[in-house]
Participant: 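Sharing a structure below in structure tokens format, with a few things to ask.
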Amino acid sequence: MIFDNKFIQQRIEKAKLLEEAGYNPYSNDSKRNTSIEKYLNVNSDIVETEEKRDENRHYIVSGRIKFLRVMGKASFVKIEDESGMLQVYVTRDNLPEGFYNTIFKKNIEVGDIIEVGGFPFVTGKGELSLHVDTLTLLTKAISPLPEKFHGVTDKEIRYRKRYLDLIMNAEVRKTFQTRSKVISLTRRFFEDKGFLEVETPMMHPIAGGANAKPFVTHHNALGIDRFLRIAPELYLKRLIVGGFEAVFEINRNFRNEGMDATHNPEFTSIEFYWAYKTYKDLIEITKEYFQYLFEHLDLPTMLPYGDMKVDFANFQEIPLIESLTTIGGVPADSCTSKEGIIAYLNSKNITVKPGMNLGQLQGELFDEFVEEKLIDPTFITEYPVEISPLARRSDTNPEITERFELFIAGREIANAFSELNDPIDQLSRFEGQMEAKDCGDDEAHEMDSDFVEALSYGMAPTAGQGIGIDRLVMLLTNEHSIRDVLLFPAMKPLANECQPEEEN
RNA sequence: GUCUUGUUAGCUCAGCUGGUAGAGCACGUCACUUUUAAUGAUGUGGCCGAUGGUUCGAAUCCAUCACAGGACACCA
């Protein structure tokens, strides 16, 4: 039984005693009239006064007990609500006869949620506090909190029981508040630009828009499998065909692949599509977007990330091939032919899968020698067409696409391009992907003829971009695991958690 | 998927080359009306992640498994 721990038993016993004495251990009769933050602000003037107190003011605040110091007939209690922590001073003689000794001291403890009323005063040590004249238990916590000084540090507990992490670690609350603000600001930024927020299906008949393995689920009524979406791209572009000129979606994608510090099976991205624009316009709006975020989050443009310092005012732009030599240090003549690249990679003790085409090999060089060196925000442009099945070819060089990826702190943050809107070209790109799939590339993009048909009705020239929100939040909060920016990261089930039998 | 480290009280952690389990916090009892991780006294608390093995004897050595962290691989 989950309550057989003796500390829990002890606390359940206290809850019973309270109930028997006429105090509901789960009362919902809250009369709170201010938050702790407001209380501290409104009464900060008391510190300057002669008396250090104002008995004519009266406030009711609520919160969870984080510290409890009982000293005979008086006690100091630190309570915390979402806005902050407040010290309250509880004395025997300011409470009803017997309450302090038989109820408060015996049955109320760290972890419980209480409500106190009283007047503001400043203690001898100069801390603005609340002098209590009424005290109500709102919620009895029957499980004890972790240790008050070290808190919970065990990552497994922190992720599996995020509520405990949030109770104990104020910085964690801050991180998720930042995450929320980033999403909210992102929404506002694009709305202000005239973009329309839309929702497209999470369950797809064909998992398209990216190269990734999907999760499969089953629709009973139709008797067919569906794929959890790996990207919303093809649906958003159908909307551009339909006549919407600027759309965005902030939502989850699901990819059935490995989990590590930068990958969670479900993750959040924003994708936006903008008709009558090109990837050049996207570079500009991306810079603007970052500026907007930093301004409204009140962050300095120079941010630490681990050992790195990232200058968010220093956006660079460089074509992929050029970056291989200037940043990656790859000799120029080892970048432009399959043989040259393979020879160079082999000389660095890197083996590549046989059958890779030139574009894939150039991508390999980039991943190997350039990516991790891109600290300040850098737009890498002019991606080879072979690794960009949904991007528009450059008008001047059909081997490359009008595409960029944005790298910050050695990590990909965004992917964008002028969209391919030629249905014939799109069809042949899909066919190329199908060939790759037949040759064993199980990551190759699926054929989506319905999407090709949509393009055949004409999609205005459009530019589109995806930004990984989780990784962006990691950058802004200096977190190095995606689990630290997800409230409930994916975890393997514990042995004692029952799970359905595997069936075929 | 591979390698590697970890798993001991509610939490944070000790525990040597194998000899039968420790601290701090928390909790119980007592004292204490201005404390700041309050303090002082005292006490309770453990299937040492699971299963096997070696041994007279295993928290400790070995094997397998589970979960977690890190690195690598894969995947944008």
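Everything numeric in this text was worked out from a predicted model, so none of it was measured. Letters A, B, ... mirror the listed sequences (proteins, then strands); counts begin at 1.
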Participant: Would you mind telling me which of B/rU36, B/rG24, B/rA73 lies closest to the side-chain atoms of A/E147?
Facilitator: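 Selected nucleotide (nearest to the side chain): B/rG24.
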
Participant: Give one of base, sugar-phosphate or nothing for A/M168, where a contact means two heavy atoms less than 4.0 Å apart.
Facilitator: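 Nothing, no nucleic acid heavy atom in range.
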
Participant: Does one side chain, of A/D376 or A/T378, offer a donor that lies under 3.5 Å from an acceptor on the other?
Facilitator: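 Their side chains do not contain a donor-acceptor pair, so the 3.5 Å distance test is not met.
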
Participant: Can you say whether a donor on the side chain of A/H150 sits under 3.5 Å from an acceptor on the base of B/rC11, or the other way round?
Facilitator: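 Side chain to base: no pair below 3.5 Å.
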
Participant: Between A/I157 and A/K78, which has a closest nucleotide on RNA chain B that is more 5'?
Facilitator: A/I157

Participant: Hey, where does RNA chain B pair up into stems, meaning at least three consecutive Watson-Crick or G-U pairs with distances under 3.5 Å?
Facilitator: B:1-7 with B:66-72, B:10-13 with B:22-25, B:27-31 with B:39-43, B:49-53 with B:61-65

Participant: Write down the distance between CG (A/D484) and P (B/rA68), rounded to a whole number of angstrom.
Facilitator: 15 Å

Participant: Return yes if a side-chain donor-acceptor contact under 3.5 Å exists between A/E419 and A/T462, otherwise no.
Facilitator: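 A/T462 and A/E419 do not have a side-chain donor-acceptor pair below 3.5 Å.
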
Participant: Would you kindly say whether A/Y279 and A/T401 are connected by a side-chain donor-acceptor distance under 3.5 Å?
Facilitator: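 Absent: no donor and acceptor within the cut-off.
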
Participant: Tell me, for nucleotides 40-47 of chain B in 5' to 3' order, what letter each nucleotide earns: B for a base near a protein heavy atom under 4.0 Å, S for only sugar-phosphate near one, - for neither?
Facilitator: ----BS--

Participant: With syn defined as a glycosidic angle within 90° of 0 and anti as the rest, where does B/rC62 land?
Facilitator: anti

Participant: Cut-off 3.5 Å, side chains only: do A/Y89 and A/Q87 have a donor facing an acceptor?
Facilitator: no

Participant: Atom CD of A/E13 and atom P of B/rG28: how far apart are they, to the nearest Å?
Facilitator: 12 Å

Participant: Could you give the CE-to-P distance, from A/M259 to B/rG1, as a whole number of Å?
Facilitator: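 To the nearest whole Å, that distance equals 12 Å.
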
Participant: Check this one for me: any side-chain N or O of A/T153 less than 4.0 Å away from OP1 or OP2 of B/rC13?
Facilitator: yes

Participant: Taking the C1' atom of each, how far is B/rG6 from B/rC75, in whole Å?
Facilitator: 27 Å

Participant: For A/G151, report the nucleic acid contact type (base, sugar-phosphate, nothing); a contact means any heavy atom under 4.0 Å.
Facilitator: sugar-phosphate

Participant: Identify all pairs in which a protein N or O lies below 3.5 Å from an N or O of nucleotides 30-34 of chain B, and state each distance.
Facilitator:
| unit_1 | atom_1 | unit_2 | atom_2 | d |
| --- | --- | --- | --- | --- |
| B/rC32 | N3 | A/G72 | N | 3.1 |
| B/rC32 | N4 | A/G72 | N | 3.4 |
| B/rU33 | OP1 | A/K73 | NZ | 3.4 |
| B/rU33 | OP2 | A/K73 | N | 3.0 |
| B/rU33 | O2 | A/Y89 | OH | 3.0 |
| B/rU33 | O4 | A/D93 | OD2 | 2.2 |
| B/rU34 | O2 | A/G124 | N | 2.9 |

Participant: For A/R483 and B/rG69, what is the distance between atoms CZ and C1' respectively, to the nearest whole Å?
Facilitator: 8 Å

Participant: Starting at CD of A/E266 and ending at C1' of B/rC75, how long is that distance when rounded to a whole Å?
Facilitator: 17 Å

Participant: Please determine if a side-chain N or O atom of A/K148 lies less than 4.0 Å away from the OP1 or OP2 oxygen of B/rG24.
Facilitator: no

Participant: Verify the neighbour count for atom CD of A/E97: are there more than 12 heavy atoms of other residues, nucleotides or ligands below 6.0 Å?
Facilitator: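 Count not over threshold, so no.
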
Participant: Rounded to the Å, how far apart are A/N107 CG and B/rG28 P?
Facilitator: 9 Å

Participant: Nearest of B/rG69, B/rU36, B/rC67 to any side-chain atom of A/R160?
Facilitator: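 Nearest listed nucleotide: B/rC67.
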
Participant: To check you understand the geometry: which heavy-atom pair defines the closest contact between A/P232 and A/T200, and what is its length?
Facilitator: CB-OG1, 3.7 Å

Participant: Do you know which of A/I206, A/I230, A/L390 makes side-chain contact (heavy atoms from CB on, under 4.5 Å) with A/H445?
Facilitator: A/L390

Participant: Please indicate whether A/E82 has more than 12 foreign heavy atoms, meaning atoms of other residues, nucleotides or ligands, lying under 6.0 Å from its CD.
Facilitator: no

Participant: Below 4.0 angstrom, N of the basic side chain to O of the carboxylate: do A/E399 and A/R393 qualify?
Facilitator: no

Participant: With rounding to the closest Å, how many angstrom separate the C1' atoms on B/rU42 and B/rA66?
Facilitator: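 Here B/rU42 and B/rA66 have their C1' atoms 41 Å from each other.
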
Participant: Using atom P of each nucleotide, how far apart are B/rC48 and B/rG1 to the nearest Å?
Facilitator: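 So the two P atoms sit 29 Å from each other.
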
Participant: Roughly how many Å apart are B/rC65 and B/rU5, using the P atom of each and rounding to a whole number?
Facilitator: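 It comes out at 16 Å once rounded to the nearest Å.
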
Participant: Mind running salt bridge (charged side-chain N to carboxylate O under 4.0 Å, His left out) on A/E80 and A/K66 for me, showing each step along the way?
Facilitator: CA-CA 7 Å; A/E80 189 174 46; A/K66 297 296 282 289; 2.6 Å; yes

Participant: Take atom C1' in B/rG46 and the same atom in B/rA21, then report the distance between them in whole Å.
Facilitator: 8 Å

Participant: Mind checking A/N415 for me? I need base, sugar-phosphate or nothing, with any heavy atom below 4.0 Å counting as a touch.
Facilitator: base

Participant: Taking atom C1' in both B/rA38 and B/rU33, what distance in whole Å separates the two?
Facilitator: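 Approximately 13 Å lies between the C1' atom of B/rA38 and that of B/rU33.
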
Participant: For the side chain of A/E257, starting at C-beta, report the closest nucleotide among B/rG10, B/rU36, B/rC75.
Facilitator: B/rC75

Participant: Using OP1 and OP2 only, check whether a side-chain N or O of A/R69 sits under 4.0 Å from B/rA38.
Facilitator: yes

Participant: Indicate whether OP1 or OP2 belonging to B/rC67 is found under 4.0 Å from a side-chain N or O atom of A/K492.
Facilitator: yes

Participant: Decide whether A/Y305 and A/R411 meet the rule of one side-chain donor and one side-chain acceptor closer than 3.5 Å.
Facilitator: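 Yes - a donor-acceptor pair under 3.5 Å links their side chains.
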
Participant: If you check the A/K14 side chain, which of B/rG10, B/rG28, B/rC11 turns out closest?
Facilitator: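 Selected nucleotide (nearest to the side chain): B/rG28.
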
Participant: State yes or no: are the ring centers of A/F227 and A/F215 separated by less than 6.0 Å?
Facilitator: no

Participant: Roughly how far apart, to the nearest Å, are B/rC25 and B/rG45 at atom C1'?
Facilitator: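 My reading of the C1' atoms in B/rC25 and B/rG45 gives 14 Å.
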
Participant: What's the closest nucleotide to the A/P146 side chain, out of B/rG10, B/rC11, B/rU12?
Facilitator: B/rC11

Participant: Please confirm whether the ring centroid of A/F404 lies under 6.0 Å from the ring centroid of A/F379.
Facilitator: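 They qualify: ring centres under 6.0 Å apart.
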
Participant: Please give the distance between the C1' atoms of B/rG22 and B/rU8 as a whole number of Å.
Facilitator: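 Taking atom C1' in both B/rG22 and B/rU8, they lie 10 Å apart.
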
Participant: To the nearest 0.5 Å, how far apart are OG1 in A/T186 and CG in A/L472?
Facilitator: 6.5 Å

Participant: Without decimals, in angstroms, what is the distance between A/L164 CG and B/rA26 C1'?
Facilitator: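 Value for this atom pair: 14 Å.
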
Participant: Within this structure, what is the CD-to-C1' distance between A/E127 and B/rA38, rounded to whole angstrom?
Facilitator: 13 Å

